[in-house]
Amino acid sequence: MPLSRTFGAMLAALGLFLAPLPTADAFGPVKSASQQTAEERLLAQFQSFAALSDGTVGIAVQDLSTGEEQSLNGDTLFPMASTYKVAVAGKILSMADAGVLALQDQVPLGPALPAKARSVHDLIDLMLTHSDNDATDALVARAGGPAAIDGWVKALGVKALRVDSDTAHLLYRAMGISPAAGSFRRNAAAALEADSTLRERDARDMPNIAFTLDPRDTATPRAMNALLAAIQLGKALKPASTVYLLGMMERCHTGKARLKGMLPPSARIAHKTGSLNGYGGDVGIVTLSDGRMFAISVFVMKDYRGRETRDRIMA
């Protein structure tokens, strides 16, 4: 089936499945035959997308007006890669809400760039719209480190999402190297130069299976949706910070062929991507022209078929 028809069928199934449930009786909610059929169709669509990969695909979709949700491998842990930057931005903006910092504050870019500093606003912009790692790690440090970001997520009641590292140390683990003193770029370049297997894995976009099995810096698709929903529904930040964060995510320049790749032109998406060898992710809030909003998180890991296939699955 052409992708356009497949996507159309998925949207039709999604609309049916996420219709309000009938009134619950003493034994719990009773689904209509049409809704049961729609749910089966939607899951079949998810499974057909997952079959494009030789790895593991996780999909979660949540209707933010009803709270209803459907998923495939929704409770499986996946590396977050750069999608964790949503949590970094959330923690920083919660500090701004509390008056601990201001968006105009200047923050140093770390020991690798000792003479440079940028405003908190500029760093958030670079982190969310271009996925800049130096900007991210400057914000992680300003937030009080990974544990402070993880604590903010946990305080929202979001489970099965953990932040253990800044970006540099996450990437060291993904590469499977032990960092020496000095900048990430210098250490990574030296490791690639010294180890032909690392160069081959990088060149062929192959996963590090040990890294994908590490529980650190992971989330389930449903947990990532829970974080997105908390932000969109105003449970995480003050209204001005919520608007600021989602507006910044709407300007994301990465992943144009992922979640936003096949959306109708009238739809809006505030999202954040993540990429590593053998891995791709895209998470965000989709707003349709009729005002309906959905949190959608898609992760693909342990994949050997390449970025184009992973992007197609997400689209």
Side-chain angles (χ1 to χ4, degrees), residues 79-156 158 161-174 179 183-185 187-188 216-219 224 227-228 230-232 236-238 240-255 270-276 281-285:
M80 286 187 289
S82 286
T83 65
Y84 97 104
K85 295 171 183 178
V86 175
V88 177
K91 170 60 178 176
I92 288 290
L93 289 172
S94 75
M95 295 168 69
D97 286 347
V100 176
L101 57 75
L103 295 180
Q104 297 76 31
D105 289 351
Q106 297 293 304
V107 177
L109 285 173
L113 299 163
K116 293 187 177 181
R118 301 289 293 269
S119 71
V120 171
H121 166 79
D122 286 349
L123 293 174
I124 294 174
D125 191 344
L126 287 167
M127 175 177 70
L128 293 180
T129 66
H130 292 86
S131 207
D132 185 278
N133 291 336
D134 290 328
T136 302
D137 285 355
L139 290 172
V140 171
R142 181 64 184 85
I149 298 164
D150 187 67
W152 177 77
V153 171
K154 297 295 189 292
L156 293 175
V158 177
L161 188 161
R162 54 184 284 184
V163 178
D164 298 272
S165 312
D166 63 11
T167 315
H169 288 85
L170 184 155
L171 292 175
Y172 285 138
R173 285 192 292 106
S183 71
F184 170 78
R185 289 183 180 83
N187 288 332
R216 289 174 290 180
D217 298 299
T218 58
M224 182 60 75
L227 175 61
L228 294 168
I231 293 169
Q232 176 65 60
L237 301 167
K238 291 183 177 180
S241 291
T242 299
V243 171
Y244 175 89
L245 175 52
L246 293 172
M248 196 74 78
M249 291 172 64
E250 285 191 14
R251 297 198 295 107
C252 178
H253 293 290
T254 60
H271 69 123
K272 183 69 193 79
T273 61
S275 302
L276 284 171
D282 201 359
V283 306
I285 304 292

Test item: L228 and M249 side chains (from C-beta on) under 4.5 Å apart, heavy atoms: yes
Inter- and intrachain pairs under salt bridge (charged side-chain N to carboxylate O under 4.0 Å, His left out), touching residues 80-103, at least two apart: none
Test salt bridge (charged side-chain N to carboxylate O under 4.0 Å, His left out) applied to K238 - qualifying residues, sequence neighbours left out: none
Beyond-backbone contact of L123 with L109, side-chain heavy atoms, under 4.5 angstrom: yes
Listed once per pair and sorted, the salt bridge (charged side-chain N to carboxylate O under 4.0 Å, His left out) pairs that draw on residues 164-174, sequence neighbours left out: R162-D164, R173-D214, R173-D217
Side chains of L128 and C252 in contact at under 4.5 Å (non-hydrogen atoms): no
All pairs passing salt bridge (charged side-chain N to carboxylate O under 4.0 Å, His left out) where residues 144-153 contributes a residue, at least two apart: D150-K154
Any L170 side-chain heavy atom under 4.5 Å of L276 side chain: yes
Selection residues 118-127 - residue pairs positive for salt bridge (charged side-chain N to carboxylate O under 4.0 Å, His left out), sequence neighbours left out: R118-D122, D125-R251
I124 side chain reached by L103 side chain, heavy atoms, under 4.5 Å: yes
Note, N133 side chain near L171 side chain (heavy atom, < 4.5 Å): yes
Main-chain N/O of T167 paired to Y84 side chain as donor or acceptor, under 3.5 Å: yes
Heavy-atom check, side chain of M248 versus side chain of H121, under 4.5 Å: yes
Pair T254-T273, side-chain hydrogen bond (donor to acceptor under 3.5 Å, both in side chains): steps then yes or no: CA-CA 7 Å; T254 60; T273 61; 2.6 Å; yes
Heavy-atom check, side chain of S131 versus side chain of K272, under 4.5 Å: yes
D137 versus A168, closest heavy-atom pair with distance: OD2-N, 3.0 Å
ring-ring contact (aromatic ring centres under 6.0 Å, His included) involving Y172 - partner list, sequence neighbours excluded: H169, F184
